[in-house]
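Scroll down for the structure; my scribbles are underneath it.
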Amino acid sequence: MASRGLRLLGHNLLRAHRVPLRRTCPQLMCTAAQQPNNPVTESEEEKSKKQAEESAEQLAAEKAKLEDQVKDVTDKYKRALADTENMRQRSQKMVEDAKLYGIQGFCKDLLEVADILEKATQSIPKEEIKAENPHLKNLYEGLVMTEVQMQKVFKKHGIVKLNPVGSKFDPYEHEALFHTPVEGKEPGTVALVTKVGYKLHERTLRPALVGVVKGT
């Protein structure tokens with residue numbers, strides 16, 4: 001009886017020690033399962049975050065680089081357009097000038113002829129031009145008609161006579177031969193024209209030779 005009672009007591013003690021072990025074992029297993037996983041998860045998240053930040057920085061750098069390249073190409077394109085337009089305008093101006101002033105050399109040669117005609121008509125005494133002297137009268141009228149016709153041709157091609165008596169002296173159109181005080185005349189004006197000048201459109205072919213009024 002005593003030995004049986006001891007076996008029962010030992011068996012009960014053994015059961016009492018097994019129950020808490022069975023209850024705590026799953027908790028220990030769960031804890032053991034969770035502890036090694038947390039560091040791995042956090043490390044992967046940090047790595048992914050770091051990679052995303054690096055990718056964003058690279059994209060931003062590439063974007064800035066491309067924007068600079070686009071700006072540089074745009075500036076070069078605009079400069080090329082401006083240079084092309086300037087060249088086109090210069091070429092067009094050269095063509096227009098060639099059309100306008102291509103006859104400049106020929107016109108200068110004709111000016112001497114016009115001067116001779118003018119001197120010829122001025123050299124004939126007006127009092128001698130009478131019906132009693134038909135040859136001289138016809139010669140004078142022919143010279144005048146020739147001079148008038150030549151001035152019409154000049155005007156047709158843009159040649160204008162410069163006879164600036166009383167006008168303000170212009171160094172681009174007049175050449176001063178002398179200065180003299182003239183009563184009643186404003187200083188700096190043209191008092192006398194010894195030889196008329198000519199312009200071809202807006203360009204002076206030959207300046208007028210003049211005397212300028214000097215201030216007292």
Side-chain angles (χ1 to χ4, degrees), residues 75 78-216:
D75 292 341
K78 289 180 179 179
R79 285 196 296 268
L81 284 180
D83 292 341
T84 303
E85 179 63 19
N86 291 336
M87 185 179 295
R88 186 191 66 81
Q89 291 179 358
R90 286 196 297 268
S91 300
Q92 184 177 359
K93 184 68 167 54
M94 291 175 62
V95 172
E96 292 176 354
D97 289 346
K99 290 180 180 179
L100 291 175
Y101 306 110
I103 59 173
Q104 181 173 335
F106 178 68
C107 293
K108 285 184 177 180
D109 293 336
L110 287 181
L111 297 184
E112 300 299 328
V113 179
D115 292 339
I116 293 172
L117 284 174
E118 185 178 5
K119 289 179 180 179
T121 55
Q122 291 175 354
S123 63
I124 298 176
K126 302 299 185 292
E127 62 274 8
E128 297 294 331
I129 304 173
K130 300 177 182 178
E132 292 80 5
N133 196 353
H135 297 290
L136 183 61
K137 182 180 179 181
N138 292 336
L139 176 63
Y140 176 77
E141 290 177 350
L143 291 173
V144 171
M145 290 175 63
T146 304
E147 184 181 6
V148 170
Q149 185 62 31
M150 178 167 284
Q151 292 300 323
K152 287 182 179 179
V153 173
F154 282 177
K155 187 176 181 180
K156 178 181 177 181
H157 292 280
I159 303 174
V160 181
K161 181 187 286 189
L162 299 176
N163 191 4
V165 175
S167 301
K168 194 74 174 177
F169 177 75
D170 185 352
Y172 296 102
E173 296 182 357
H174 313 145
E175 182 179 344
L177 297 179
F178 58 89
H179 292 77
T180 181
V182 179
E183 186 177 355
K185 296 286 186 178
E186 182 182 355
T189 57
V190 177
L192 179 67
V193 177
T194 61
K195 191 174 184 179
V196 296
Y198 286 91
K199 287 179 66 176
L200 176 59
H201 300 288
E202 298 300 323
R203 182 179 296 178
T204 301
L205 276 178
R206 186 182 72 187
L209 305 181
V210 300
V212 184
V213 178
K214 182 174 72 172
T216 57

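Looking only at side-chain heavy atoms (C-beta outward), Val213 and Glu186 stay at 4.5 Å or farther from each other. Side chains of Arg206 and Glu175 form no contact here, defined as non-hydrogen atoms less than 4.5 Å apart. Side-chain atoms of Thr180 and Lys214, non-hydrogen and from C-beta on, never get closer than 4.5 Å to each other.
Checking Glu147 against Gln151 by side-chain atom types alone, no donor-acceptor pair falls below 3.5 Å.
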Would you sort out whether Leu139 and His135 count as a side-chain contact (heavy atoms from CB on, under 4.5 Å), showing the intermediate values?
CA-CA 6 Å; Leu139 176 63; His135 297 290; over 6 Å; no
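Of all heavy-atom pairs spanning Pro164 and Val190, the tightest one is O-CB, 3.1 Å. Shortest non-hydrogen contact noted between Thr121 and Lys126 is O-NZ, 3.8 Å.
Around CD of Glu127, the count of heavy atoms belonging to other residues, nucleotides or ligands within 6.0 Å exceeds 12. Counting heavy-atom neighbours within 6.0 Å of Lys185 NZ, excluding the residue itself, gives a total of 12 or less. The local environment of CD in Gln122 is crowded, with over 12 non-hydrogen atoms from other residues, nucleotides or ligands closer than 6.0 Å.
Under the 3.5 Å distance criterion, the side-chain polar atoms of Asn86 are matched with a main-chain donor or acceptor of Ala82.
Taking a cutoff of 4.0 Å between a charged side-chain nitrogen and a carboxylate oxygen, Asp83 and Arg79 do not qualify as a salt bridge. Ion pairing between Glu96 and Lys93 fails under the 4.0 Å rule for side-chain N and carboxylate O.
In this pair, Phe154 and Tyr198 present their aromatic rings perpendicular. The plane angle is above 60°, beyond the 30 to 60° band.
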